[in-house]
Amino acid sequence: MKKLSILFLVLSTVLISCSSDDDAPVPVPVKSEKISNLEAPQTGGQGQPVGGVFTKFDFETGKTTTSDTAWDIAFRGTTIAVNGGAVTGTADEPARNGNVGAAIVTGTFAGVTNAKDVTFGQDADGVFAIPTGSDNGWYNYAGPPTHIISPIPGKILVFRTRNGHYAKVEILSYYKDEDTSKDSKHYTFNYVYNPNKGDTSFE
Amino acid sequence: MKFESLIICVLAGFVVVNGYTQEKAIDTTLVNELQEVVLTATRTERQLSSLPLPVTIVSQETIKQSGTIRLNEILNEQTGIITVADESGFEGIQIQGIASDYILILIDGVPLVGRKAGNFDVNRLTVGNIKQVEVVKGPSSSLYGSEALGGVINIITEKPKSDVLSGNASYRIASYTQQDINVDIKQRIKKLGYGVFANRFSSEGYDLTPDTAGQTVNPFENYTFNGRLYYDFSDQFSLFLSGRLYTQYQDAGFTTNITSFEGDSEEQEWNSHLRLDHKWSDDLTTQYEFYYTNYNAKEQLADSSSGDIVSDSDFDQRLLRPEIRTTYAFKDRSKLTLGVGFQYDQLDRTFFDKQVDFNSQYVYAQYDTHLIERLNVITGARFDNHSEYSNQFSPKLALRYKITETLAAKASIGYGFKAPDFRQLYFDFTNSTVGYTILGYNVALEKLNELQAQGQILDVVVPESSLKVPLEAESSIGYNAGLTYKENRWNAELNFFRNDFKNLIDTRVIARKTNGQNVFSYFNFDKIYTTGLECNTNYRITDNIRLSAGYQLLYAFDKEKEKQIKNGEVFARDPETNQAVVVSRSEYFGLVNRSRHNANFKVFYDIVSAKANINLRLLYRSKYALFDTNGNDLIDDYDTSFVNGFAIANIAASKTFYENFTLQIGANNLFDYTKDNIPTLPGIQLYAKLNYQF
């Protein structure tokens with residue numbers, strides 16, 4: 001039964017696709033997902049040289065990946081790299097072979113509805129497209145006594161993926177299970193991905 | 001615990017017994033209330049009730065009856081004055097919602113130095129030999145210059161009047177092994193007067209979080225010595241000489257979840273004050289004053305297991321200030337006061353490249369007159385010429401209009417400023433564990449270049465030119481307006497206040513480091529205001545029962561943040577979903593550590609027949625926030641660092657016996673209210689004090 005329905009689905013999709021060949025294409029709805037507890041380990045820090053492999057993420061599959069090419073963004077500690085531009089010079093970073101662009105837009109997640117007016121940046125020698133450091137990019141470091149890393153509310157990350165799709169991301173927490181008393185370097189974020197190539201809309 | 005219950009029982013018994021004995025209290029003739037005289041507001045003697053400025057006086061009697069021993073305790077019981085610990089963990093006084101950084105602390109009219117992250121810890125000051133404490137609210141830079149934006153607290157010591165040797169010795173023991181010993185002697189022999197005072201204060205400290213290692217307040221002991229000399233050379237010349245030494249040792253050890261540290265912190269303060277009063281005639285007097293103070297704090301910490309010294313800090317501040325003041329009294333009671341002075345500040349501390357110094361010269365003038373019989377006008381101004389920042393001109397105008405014999409209206413407006421402090425100009429500090437750097441403004445460019453040469457800088461985020469314009473002094477304009485009502489049995493006052501601050505100095509990022517951290521420096525940007533109203537009322541039910549109540553309403557906000565909120569640019573996180581939501585104006589709570597409501601209620605009861613008195617003081621503070629928890633750099637309803645409103649009751653009872661002995665017992669924080677996030681408030685504290693006066 002299940003197989004049948006899948007077959008039906010595939011068929012109907014094909015049929016729909018065929019039938020709409022001459023008309024304007026019906027866009028596939030945007031994909032809204034939540035990623036919980038993406039681990040982004042880092043070695044060193046606290047005055048020591050930082051290192052460690054970045055955790056890479058691919059918007060198309062909505063999963064982490066170890067592929068050297070099929071990734072859009074990558075996480076290590078509080079640092080976020082994009083697969084676009086050039087290496088920044090930090091240790092153990094992945095080679096950039098895509099054309100991913102990144103920008104930080106101010107607003108609520110729902111309020112960022114389109115990427116058409118966004119100016120994208122890329123990683124470059126010595127600089128990440130998403131700036132590092134407290135209050136520079138996506139997070140704020142509270143300092144003593146709590147030392148908590150909080151995602152700055154109202155900072156929405158907007159990306160142009162390596163395949164020319166658009167996505168927006170709101171980081172919700174830097175701690176496991178969104179609980180600041182648990183381990184850090186665990187990202188939880190919402191994202192919206194537009195599966196229609198070149199379409200900048202998030203609605 | 002048994003000891004505590006015993007004291008409570010005794011206390012309760014005391015109340016009951018005295019209640020009975022009171023019945024037959026002899027109806028003493030109406031105590032002719034002495035007019036309270038204030039020095040701080042005008043630098044001349046003025047009756048409190050006739051002043052056009054908001055002033056609070058705390059008398060020696062109130063201090064004694066309340067059983068308080070340190071200045072913070074008694075100030076905390078005054079309307080609109082609270083002590084708070086800020087983000088740095090250091091404690092200071094807040095007046096009209098204005099932080100300790102902007103409140104000047106004086107002893108006999110000369111300033112005290114030695115602030116920690118801007119906070120002056122008034123816990124340092126014993127109240128054992130105080131005649132009265134005067135608090136002038138609102139800006140007083142027109143007389144006192146820098147730091148007098150939010151208010152001036154002046155501690156007035158007692159002058160010997162009698163040719164009989166008099167004084168007192170007391171011992172007080174309290175919970176947390178708190179011990180306070182005082183010896184005070186004074187005498188006046190014809191032309192010569194002297195006063196000698198010594199105090200020792202110690203405590204084992206206390207712990208609000210027994211589950212975690214380390215105490216909330218570590219054990220300490222401190223000593224205060226003060227010697228004063230008064231000599232009349234002639235009818236024209238009289239001399240005042242005072243030396244004061246304060247020294248404290250505190251265990252500075254603490255334990256984190258990984259390691260423990262041990263060490264000591266040591267504080268030492270020396271004040272020498274010399275004043276020559278020259279009375280040219282009945283109308284003209286001049287005071288020549290010379291003042292020197294040195295404040296020194298040292299702290300050393302070592303890792304307990306390895307013995308490695310992890311922190312060794314030193315802070316050594318000196319201030320030298322000669323000043324000459326002249327007051328001329330005109331035939332019509334008007335008074336003209338002129339002053340000229342020079343101030344030399346010096347600081348040598350860890351995280352400074354070298355010892356730094358400032359000097360400034362200043363002149364001020366004040367004219368106090370009655371334009372018409374009912375209208376008193378005080379107008380004054382001060383000019384400060386400073387070596388490190390732009391010159392300051394601080395005017396002030398205050399008016400009081402006597403509407404009827406009992407009712408008066410008063411209003412004042414004044415300018416206040418605070419010079420950028422040494423830390424804001426010369427700090428050079430890199431956090432060794434996290435890796436960020438804080439640079440004082442005056443050294444920022446030079447240090448930045450050094451860091452750049454070492455390859456530590458990724459990029460500089462501000463234009464270099466913005467580091468070349470000198471840092472401005474922080475300043476405010478304060479407005480006060482209100483009514484006072486005074487008749488025999490009761491008095492009341494109402495005061496509206498508003499303080500508009502600009503050029504507040506805060507840190508901002510000036511560069512990013514290659515280690516992902518930031519370089520900060522100080523910068524003028526914040527514009528804040530505090531506004532509200534204060535009312536106080538005292539009612540004498542009988543000659544022996546006094547009631548008083550006070551209330552302060554406070555709104556304290558950052559104007560820039562208000563603007564950002566209006567533009568919908570401020571966000572918070574919904575605690576359910578963690579998603580960003582827009583913060584509305586009604587969700588903006590205001591500045592940290594500010595409570596909307598402060599209130600107090602006090603009853604003082606003198607039992608004349610039994611030579612005893614008892615009092616109860618209730619203090620209330622509504623909720624406030626400690627720090628931003630959701631990364632939007634302001635306090636909103638979504639933050640989680642709120643401290644709930646709380647009330648504290650303090651009670652004290654004294655009885656004099658054998659003529660010379662007074663026994664006092666009491667309890668502070670009677671309801672035993674404690675919270676982890678109010679580290680300055682220990683639980684119930686019971687005490688007993690024996691005083692011998694001679």
Side-chain angles (χ1 to χ4, degrees), chain A residues 34 36 42 44-50 76-80 88-90 105-112 124-128 131-156 170-175 177-180 188-190, chain B residues 85 87-89 254 256 430-438 455-459 461 507-509 511-520 564-565 567-583 626-634 636 638-641 676-677 679:
Chain A
K34 181 175 181 177
S36 292
Q42 171 182 286
Q46 302 213 328
Q48 301 302 312
V50 292
R76 185 178 73 190
T78 56
T79 306
I80 301 175
T88 63
T90 181
V105 174
T106 302
T108 58
F109 192 53
V112 178
D125 185 19
V127 198
F128 285 94
T132 56
S134 176
D135 286 320
N136 291 331
W138 67 270
Y139 75 90
N140 161 272
Y141 167 64
T146 61
H147 301 284
I148 284 174
I149 301 274
S150 317
I152 301 168
K155 295 292 176 198
I156 308 300
E170 179 178 26
I171 298 172
L172 305 178
S173 173
Y174 185 62
Y175 295 87
D177 302 332
E178 302 183 48
D179 180 348
T180 52
T188 295
F189 59 89
N190 282 330
Chain B
E87 285 161 303
S88 67
F254 66 94
T256 68
T430 296
N431 180 297
S432 55
T433 48
V434 183
Y436 62 86
T437 299
I438 305 175
Q456 288 198 47
I457 300 296
L458 199 62
D459 59 344
V461 299
T507 51
R508 66 164 173 174
V509 176
R512 287 183 221 152
K513 293 173 83 174
T514 47
N515 65 4
Q517 295 298 329
N518 293 319
V519 180
F520 297 90
Q564 288 169 13
I565 288 170
N567 294 340
E569 293 163 358
V570 179
F571 303 89
R573 278 184 194 283
D574 183 323
E576 295 296 311
T577 62
N578 263 342
Q579 290 195 38
V581 288
V582 176
V583 173
L626 295 173
F627 47 86
D628 172 40
T629 57
N630 53 15
N632 59 11
D633 202 25
L634 57 76
D636 55 65
Y638 298 96
D639 279 309
T640 54
S641 69
D676 294 0
N677 54 13

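In the text below, chain A, chain B and the rest are named by the order of the sequence lines, each starting its count at 1. Remember, it's a predicted structure, so these values are computed and weren't measured experimentally.
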Could you state the interatomic distance from [atom1] ([X]) to [atom2] ([Y]), rounded to the nearest 0.5 Å?
X        : Y        : atom1 : atom2 : answer
A:Ser150 : B:Asn632 : OG    : CG    : 9.5 Å
A:Asp135 : B:Asn518 : CG    : CG    : 7.5 Å
A:Ile152 : B:Phe571 : CD1   : CZ    : 12.0 Å
B:Arg512 : A:Thr132 : CZ    : OG1   : 6.5 Å

Can a donor-acceptor pair be found, under 3.5 Å and without considering hydrogens, that links the side chain of B:Gln579 to the backbone of A:Leu172?
no
Can you list everything that forms a side chain to side chain donor-acceptor pair (under 3.5 Å) with B:Thr430? Sequence neighbours excluded, please.
B:Thr437
Check each atom of A:Ile171 against the heavy atoms of chain B and say whether the ones under 4.5 Å are side chain, backbone, both or neither.
backbone
For A:Ile148, is it the side chain, the backbone, both or neither that has a heavy atom under 4.5 Å from a heavy atom of chain B?
neither
So what's closer than 4.5 Å to chain A heavy atoms on B:Val582: side chain, backbone, both or neither?
both
What's the shortest heavy-atom distance between A:Gly154 and B:Ala580, and which atoms?
N-CB, 3.4 Å
Do B:Asn578 and A:Ser173 pass the side-chain contact (heavy atoms from CB on, under 4.5 Å) test, and can you show the C-alpha distance, the side-chain angles, and the key distance before you say yes or no?
CA-CA 7 Å; B:Asn578 263 342; A:Ser173 173; 4.2 Å; yes
List the residues meeting salt bridge (Lys or Arg N to Asp or Glu O under 4.0 Å) with B:Asp633, not counting sequence neighbours, and say none if there are none.
B:Lys561
Are B:Arg573 and A:Glu178 close enough for a salt bridge, meaning some N to O gap below 4.0 Å?
no
